[in-house]
2 protein chains.
Amino acid sequence: MTQLGPAEDDPAEEAEPVKLGRRRDHTRDPDILAAAVDVLAECGYDGMTIDMVASRAKAGKATLYRRWPSKGELVIDAVACMKNGDLNLSQLPDTGTLRGDLIAMIKPHSIEDGEKKLRVIAGLMSLLAHSPELAETARLSVVEPRVTAHRFLLRRAIERGEISPTSDVDNLATVTTAMASMRVLFERKPVNRDFLISLIDGVILPAVGLGAGSGADPGSGSAPEAPPAADPAVTAH
Amino acid sequence: MTQLGPAEDDPAEEAEPVKLGRRRDHTRDPDILAAAVDVLAECGYDGMTIDMVASRAKAGKATLYRRWPSKGELVIDAVACMKNGDLNLSQLPDTGTLRGDLIAMIKPHSIEDGEKKLRVIAGLMSLLAHSPELAETARLSVVEPRVTAHRFLLRRAIERGEISPTSDVDNLATVTTAMASMRVLFERKPVNRDFLISLIDGVILPAVGLGAGSGADPGSGSAPEAPPAADPAVTAH
DNA sequence: TATATACGATACTGTGGAGTTCCGGATCTT
DNA sequence: AAGATCCGGAACTCCACAGTATCGTATATA
């Protein structure tokens, strides 16, 4: 419904000229939505109270209800405003090799961001079953951008001739996000760099025929940074 | 804490001889726990009320509180009693090939069972962050048996010499469960036979060097049942 | 049959939180 | 300065649900 952003005016809402005293500000929206996301990540939907969000945003409870008709609507907006910024296809890494691209996508900020978003989703997962709208919003905000990014990198590797065009792009593009979700939600272990590299070298690359020999070091070592053996176009290092 | 089962007596509880009228029956426990699991799968932890469980089990609310001190304890027992039966390692399929074993694990009952258990976990996922005990119980009941089964099949394929001993067994054993979870919880699509086969032929087998040529049919076709090309020991068909 | 217990049903209490209302102060417009 | 509106704070109502208590009944022992 509502989109975040510093300030964005929907002209349809300004139809009738309001020129009295102060105009409709709703200038607290970003703070409130950010507070809602924080509380959701920590307490989940049912553990979150309107008072928590209000006090964390240093706002009055009435202010929230002036802006959103119910707790549910607020949460929908909060989830929607999590839609990722740092994953637009136009500025994904382009190192010349699939492995280089995948490694380059491992950024501490992105990992931390992803873990928090997963915790938010975990907090309202019981609602997703009964609210298709919220479920779709959550998917579009959290998993879809990451899967799309991976799919883009895989497709480019195919066009480059680096990997086979019969590779199962759709499934492979989802593997990393699925494994990270499993790790955060069920195993409660952090998604660190070593884990992601073990996925790349132990699952993704072998599955597209780029395995080092075949398969890889069963990821537990400290720094399995060594690139695979056979490589059609190694540009870096 | 409490384990399910048709009837199992903890001798420690029978210490003092109770020989009056009727003995401690608790004969309704299985019905109540099953009802709790059902309600959890449909409504989640916060959506579930004690009255729902009681009425679905055709029991009185007081009966539940005679047996469990609180809603939380009941839920812990309900989750614990979901621990799988049909996945003990001693009777996993043994077809002679990894692909045959993986395909043989696709059983409608097992899929349906798994989806329901995932829905239960989804319903109390927001609690897992604050209750390590419940989180571990859930993991042991739902994901651990499946991952262990896959790990067993992969290790056997290594011993058999069918796949490379450097295969990333731990990650690959988790892939199917992780992808199925993603599909059920986020994408809200059913885990059907075609999807699981596309995982086997598009991710697992290629990753261990058993891909058909390399990669497989990007799973959308109706019956991609054709086994891969090179195969060291084909016994079936 | 007499006794004691476990059970189902139902009424009850207490509490936490959603949503509402009101008010004083701050801020912008004119 | 005067007017109008938004905000933060705090009090309030209302309700759903956890947990308790009571009672009649069914069932098993003796």
Side-chain angles (χ1 to χ4, degrees), chain A residues 7 9 13-14 16-36 39-40 42-78 123-124 126-127 130-131, chain B residues 7 9 13-14 16-36 39-40 42-78 123-124 126-127 130-131:
Chain A
D9 291 336
E13 281 190 353
E14 309 291 285
E16 51 198 35
V18 186
K19 48 168 174 282
L20 305 170
R22 211 188 211 179
R23 270 184 29 262
R24 309 170 144 259
D25 280 7
H26 289 321
T27 171
R28 302 303 317 281
D29 282 18
D31 287 338
I32 294 171
L33 289 172
V39 177
L40 272 181
E42 291 176 18
C43 310
Y45 179 83
D46 296 279
M48 154 182 158
T49 70
I50 298 294
D51 294 275
M52 283 184 199
V53 179
S55 68
R56 180 167 311 212
K58 299 193 210 314
K61 184 157 65 159
T63 302
L64 302 202
Y65 280 102
R66 284 184 198 110
R67 175 67 181 76
W68 291 276
S70 72
K71 175 182 175 181
E73 300 284 331
L74 166 62
V75 167
I76 290 179
D77 274 13
L124 40 79
S126 59
L127 301 190
H130 300 97
S131 169
Chain B
D9 290 337
E13 281 191 353
E14 309 290 287
E16 52 198 36
V18 186
K19 48 169 174 278
L20 305 170
R22 209 189 211 179
R23 272 186 25 266
R24 310 169 142 257
D25 280 9
H26 290 322
T27 170
R28 302 304 317 281
D29 281 19
D31 288 339
I32 293 171
L33 288 171
V39 176
L40 272 181
E42 291 176 19
C43 311
Y45 179 83
D46 295 280
M48 153 181 157
T49 69
I50 298 293
D51 293 276
M52 283 184 200
V53 179
S55 68
R56 178 166 313 211
K58 298 195 210 315
K61 184 158 62 159
T63 302
L64 302 202
Y65 279 102
R66 285 184 198 110
R67 176 67 181 75
W68 290 276
S70 72
K71 175 181 174 181
E73 300 284 330
L74 167 63
V75 167
I76 289 179
D77 274 13
L124 39 80
S126 59
L127 302 190
H130 300 98
S131 169

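Reminder, nothing fancy here: chain letters follow the sequence lines and each chain counts from 1. No hydrogens, no waters, no symmetry mates; every other heavy atom, side chains included, goes into these values. Keep in mind the model is a prediction, meaning the values are calculated, not measured.
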Pairs: protein N or O with nucleotides 10-16 of chain D N or O, under 3.5 Å:
none

Mind checking what makes salt bridge (Lys or Arg N to Asp or Glu O under 4.0 Å) contact with B/D31, not counting sequence neighbours?
-> B/R28

Side-chain donor/acceptor of A/H130 to backbone N/O of B/E42, under 3.5 Å | yes

B/A54 versus B/L64, closest heavy-atom pair with distance | N-CD1, 4.1 Å

Measure the distance from CG on A/L64 to P on D/dC7 and round it to the nearest whole Å.
-> 10 Å

Does any donor-acceptor pair link the side chain of B/R66 with the base of C/dG8 at a separation under 3.5 Å?
-> yes

How close or far is atom C1' of C/dG17 from atom OH of A/Y45, stated in whole angstroms?
-> 12 Å

Nearest-Å distance for atom pair CD1/P, residues A/I50 and C/dG16 | 18 Å

Of all the nucleotides listed (D/dC23, C/dA18, D/dC7), which has the minimum atom distance to the side chain of A/T63?
-> D/dC7

Minimum-distance nucleotide (side-chain atoms of B/T27 versus C/dG8, D/dG19, C/dC7) = C/dC7

Per nearest nucleotide of DNA chain C, the residue lying toward the 5' end, A/M52 or B/A57, is B/A57

Which residues pass the salt bridge (Lys or Arg N to Asp or Glu O under 4.0 Å) test with A/K61, sequence neighbours left out?
-> A/D51

Electrostatic pair A/R67:A/E73 at N-O distance under 4.0 angstrom | no

Taking B/T49 for its side chain and B/M52 for its backbone only, find out whether a donor-acceptor pair lies under 3.5 Å.
-> yes

So what does B/M48 touch, heavy atoms closer than 4.0 Å: a base, only the sugar-phosphate, or nothing?
-> sugar-phosphate

